[in-house]
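These notes concern the structure reproduced below.
All chains are named by letter (A, B, ...) in the order of the sequence lines, taking the proteins before the strands, and each is independently numbered beginning at 1.
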Amino acid sequence: MPRSEPIKAVRGVRDLLPRDRPLWRAAELAAEDVARRFGYEEIVTPLIEHAELIERVGEDTDAVAKELYRFEDRGGRKLALRPEATAGVVRAYFEGHLNQEPQPARLYLIGPMFRYNRPQKGRYRQFFQLDVEAIGSASPALDAEVIEIAVTWLHDLGLGEVRMDLNTIGDAKCRPAYLELLRAYYRPLRDKLHGDCQRRLETNPLLLLDCKVPQCQPFKADAPRITDHLCEECAAAWAAVRRLLDAAGIEYHLDPYLVRGLDYYTRTVFEIYPAQTGGSQDALAGGGRYDGLAEAEGWPATPGVGFASGLDRVTEMVKAVGVEIIAAPAAEVLVLPDAELEIAAAEVAHICRAVRSVAVDYEAKSLKAKMRSANKLGARWVVLLNAEDAQQRTVQLKEMASGDQVAVPWDDLPARLA
RNA sequence: GUGGCUAUAGCUCAGCACGGUAGAGCACCAGAUUGUGGAUCUGGCUGUCGCGGGUUCAAAUCCCGCUAGCCACCCCA
């Protein structure tokens with residue numbers, strides 16, 4: 001009989017198994033707790049959006065240009081699996097009329113995102129993000145606020161050893177003139193840049209600063225800096241953000257080469273990395289201000305700021321740092337009946353469930369084997385049930401830690417287990 | 001998307017340079033223990049050697065393709 005190949009998980013996605021959940025649950029609870037402490041409310045948006053929503057907002061980014069999961073539904077609609085949360089959250093902000101409520105709307109979301117890129121550790125095609133957005137205010141205090149949320153969340157999880165890179169990229173008013181300065185500086189050096197950068201020079205010169213190719217590095221140091229060419233408003237906001245972070249005691253590292261490739265990003269940008277390694281796959285969080293995004297989606301111009309953080313990487317780092325998450329046993333009480341006593345066992349379990357979590361071992365194996373299982377499962381008590389006991393409506397109740405065992409009438413079990 | 005490494009029992013891996021009967025530890029099951037877990041000892045079960053093709057009398061082993069995982073790059077989370 002030829003066996004067919006078992007069907008395995010799709011490339012780049014993974015299961016979170018029961019043994020993984022306590023750690024993930026801890027991360028999620030910490031996120032929800034921090035968000036609530038800052039007055040942020042949960043929002044849930046669809047995993048699918050019109051492809052146009054995503055594409056309008058990020059044509060030039062890898063996340064959209066090469067990594068977008070696009071498909072047509074049965075009605076011929078062009079849809080996409082969301083590669084990040086912000087576009088959808090901003091859409092929902094308007095569609096749900098949150099723009100008519102007191103501003104800003106403070107929102108958070110936890111859920112899966114999808115990017116079709118080459119998987120490796122810490123980078124998956126389906127991954128989970130915590131997304132925090134403050135929409136409807138241009139105040140730099142909110143830039144500082146979302147940064148504080150990100151840092152607090154990581155800190156609460158035991159990840160105090162992080163480095164935050166911070167920069168500003170100006171806005172529609174001052175950036176065009178700066179980009180011209182940047183082009184003017186780089187044009188004579190064009191031949192010395194690598195291919196992508198030669199192209200970026202005209203299309204998106206800001207990305208030259210972000211380039212990591214060795215041959216492009218020598219020219220960065222003398223390149224004009226946006227921070228020297230900010231308009232009055234951007235300069236004031238930049239100063240305010242830093243002042244607020246200083247006041248909150250949040251450390252940051254100024255990185256003039258930290259940029260975003262999209263026009264709707266404005267002013268503040270930041271990324272958070274583990275303090276130790278400077279690796280490339282380990283960005284824990286990233287965010288910034290996007291005052292041009294709502295307009296790019298076709299809504300009224302509305303400022304916003306936020307960040308996204310990857311649960312997959314954060315939980316991985318919590319594990320690496322050695323923070324112990326103790327998993328509670330699935331069942332505190334395990335009922336071990338002899339053969340043919342399923343009905344009595346179910347009734348005993350039912351009685352115990354009034355006060356404890358209870359499972360029954362129905363497997364046809366030796367008592368010794370069942371005891372071994374109970375021990376492995378971490379049960380606090382086992383309830384032994386044989387035919388004679390069942391007749392008398394009693395059981396042997398054994399406490400695993402001490403080994404003490406006593407006969408107990410069924411009706412007394414809740415009191416004994418309480 | 002580019003380059004590299006890897007794939008053998010449920011798990012971790014050895015075996016492969018030089019082709020010739022598929023191995024260990026752990027886990028699981030059973031016994032020592034006259035129905036009672038954890039420690040120890042003894043025994044036992046489990047394999048289309050990732051998939052497909054090629055070379056050969058003979059392929060886990062050599063060659064090609066594919067798939068998947070990992071690493072670096074790219075990008076970001």
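- Distance A/Leu157 CG to B/rA77 P: 19 Å, rounded to the nearest Å.
- A salt bridge is defined here as a Lys NZ or Arg NE, NH1 or NH2 lying under 4.0 Å from an Asp or Glu carboxylate O, and A/Arg37 with A/Asp156 meets this definition.
- No side-chain N or O of A/Gln126 forms a donor-acceptor pair with one of A/Tyr69 less than 3.5 Å apart.
- Pair check for B/rC26 finds B/rG10; Watson-Crick or G-U wobble, both atom distances under 3.5 Å.
- Residue contacts shown for A/Asn117 include a base, since a base heavy atom lies under 4.0 Å away.
- At a threshold of 4.0 angstrom between heavy atoms, the contacts of A/Ala285 are confined to the sugar-phosphate backbone, with no base atom among them.
- Between A/Arg183 and A/Glu180 there is a salt bridge, since a side-chain N of the basic residue sits under 4.0 Å from a carboxylate O of the acidic one.
- The distance between atom CD of A/Glu271 and atom P of B/rA77, rounded to the nearest whole Å, is 6 Å.
- Across all strands shown, B/rU46 remains unpaired; no Watson-Crick or G-U wobble contact has both distances below 3.5 Å.
- Atom C1' of nucleotide B/rC71 and atom CD of A/Glu316 are separated by 15 Å, given to the nearest angstrom.
- Nucleotide B/rC75 holds its P atom 13 Å from the CG atom of A/Leu206, rounded to whole Å.
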Distances under 3.5 Å only, N/O to N/O: pair up the protein atoms with those of nucleotides 68-70 of chain B.
from: B/rG69; atom 1: OP1; to: A/Gly12; atom 2: N; distance (Å): 3.0
from: B/rG69; atom 1: OP2; to: A/Arg11; atom 2: NE; distance (Å): 2.7

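- For B/rC29, the OP1/OP2 oxygens have no side-chain nitrogen or oxygen of A/Ser366 closer than 4.0 Å.
- As the counterpart of B/rC5, B/rG69 is assigned, both hydrogen-bonding distances of the Watson-Crick or G-U wobble pattern falling under 3.5 Å.
- Pair assignment for B/rG52 gives B/rC64, based on Watson-Crick or G-U wobble hydrogen-bonding distances that are each under 3.5 Å.
- For B/rA17, the O4'-C1' to base torsion is within 90° of 0; the nucleotide is therefore syn.
- The salt bridge (charged side-chain N to carboxylate O under 4.0 Å, His left out) test with A/Asp312 is passed by exactly one of A/Arg14, A/Arg123, A/Lys121, A/Arg125: A/Arg14.
- The aromatic rings of A/Phe94 and A/Trp299 sit parallel, their planes meeting at an angle under 30°, below the 60° perpendicular limit.
- The nearest whole Å value for the distance from the CG atom in A/Leu207 to the C1' atom in B/rC75 is 11 Å.
- Figure legend. B/rG31 is base-paired to B/rC41; pairs are counted as Watson-Crick or G-U wobble with both atom distances under 3.5 Å.
- Within a 6.0 Å radius of CD in A/Glu388, other residues, nucleotides and ligands contribute 12 heavy atoms or fewer.
- Note on A/Asp131: nothing from the nucleic acid sits closer than 4.0 angstrom, heavy atoms only.
- Looking at A/Arg267, its side chain never comes within 3.5 Å of a backbone N or O of A/Gly288 through a donor-acceptor pair.
- Base pairing of B/rC57: its partner is B/rG20, meeting the Watson-Crick or G-U wobble criterion (both donor-acceptor distances under 3.5 Å).
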Measure all distances between protein nitrogen or oxygen atoms and nitrogen or oxygen atoms of nucleotides 36-39 of chain B, and list the pairs falling under 3.5 Å.
from: B/rU36; atom 1: O2; to: A/Lys398; atom 2: NZ; distance (Å): 3.1
from: B/rU36; atom 1: O2; to: A/Gln405; atom 2: OE1; distance (Å): 3.2
from: B/rU36; atom 1: N3; to: A/Gln405; atom 2: OE1; distance (Å): 2.8
from: B/rU36; atom 1: N3; to: A/Gln405; atom 2: NE2; distance (Å): 3.3
from: B/rU36; atom 1: O4; to: A/Gln405; atom 2: NE2; distance (Å): 2.7
from: B/rG37; atom 1: OP1; to: A/Lys368; atom 2: NZ; distance (Å): 3.3
from: B/rG37; atom 1: O2'; to: A/Asn375; atom 2: ND2; distance (Å): 3.3
from: B/rG37; atom 1: O6; to: A/Met400; atom 2: O; distance (Å): 3.2
from: B/rG37; atom 1: N1; to: A/Met400; atom 2: O; distance (Å): 2.4
from: B/rG37; atom 1: N2; to: A/Asn375; atom 2: OD1; distance (Å): 3.1
from: B/rG37; atom 1: N2; to: A/Met400; atom 2: O; distance (Å): 3.3
from: B/rG37; atom 1: N3; to: A/Asn375; atom 2: OD1; distance (Å): 3.2
from: B/rG38; atom 1: O4'; to: A/Asn375; atom 2: ND2; distance (Å): 3.0

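- Contact check on A/Glu347 versus A/Arg393 returns a salt bridge, with a Lys/Arg side-chain nitrogen under 4.0 Å from an Asp/Glu carboxylate oxygen.
- For the pair A/Lys365 NZ and B/rG31 P, the interatomic distance rounds to 13 Å; values are reported in whole Å.
- Nucleotide B/rA77 holds its P atom 14 Å from the CG atom of A/Leu311, rounded to whole Å.
- With A/Thr266 contributing its side chain and A/Asp291 its backbone, the two residues share a donor-acceptor pair below 3.5 Å.
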message: The test is ring pair (Phe, Tyr, Trp, His ring centres under 6.0 Å); show your working for A/Trp24 and A/Phe128 and say whether it passes.
response: CA-CA 10 Å; A/Trp24 277 71; A/Phe128 291 79; 5.6 Å; yes
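- Of all nucleotides present, none satisfies the Watson-Crick or G-U wobble test against B/rC75 with each distance under 3.5 Å.
- Closest-nucleotide positions on RNA chain B for A/Ser309 and A/Pro337 were compared, and the one nearer the 5' end corresponds to A/Pro337.
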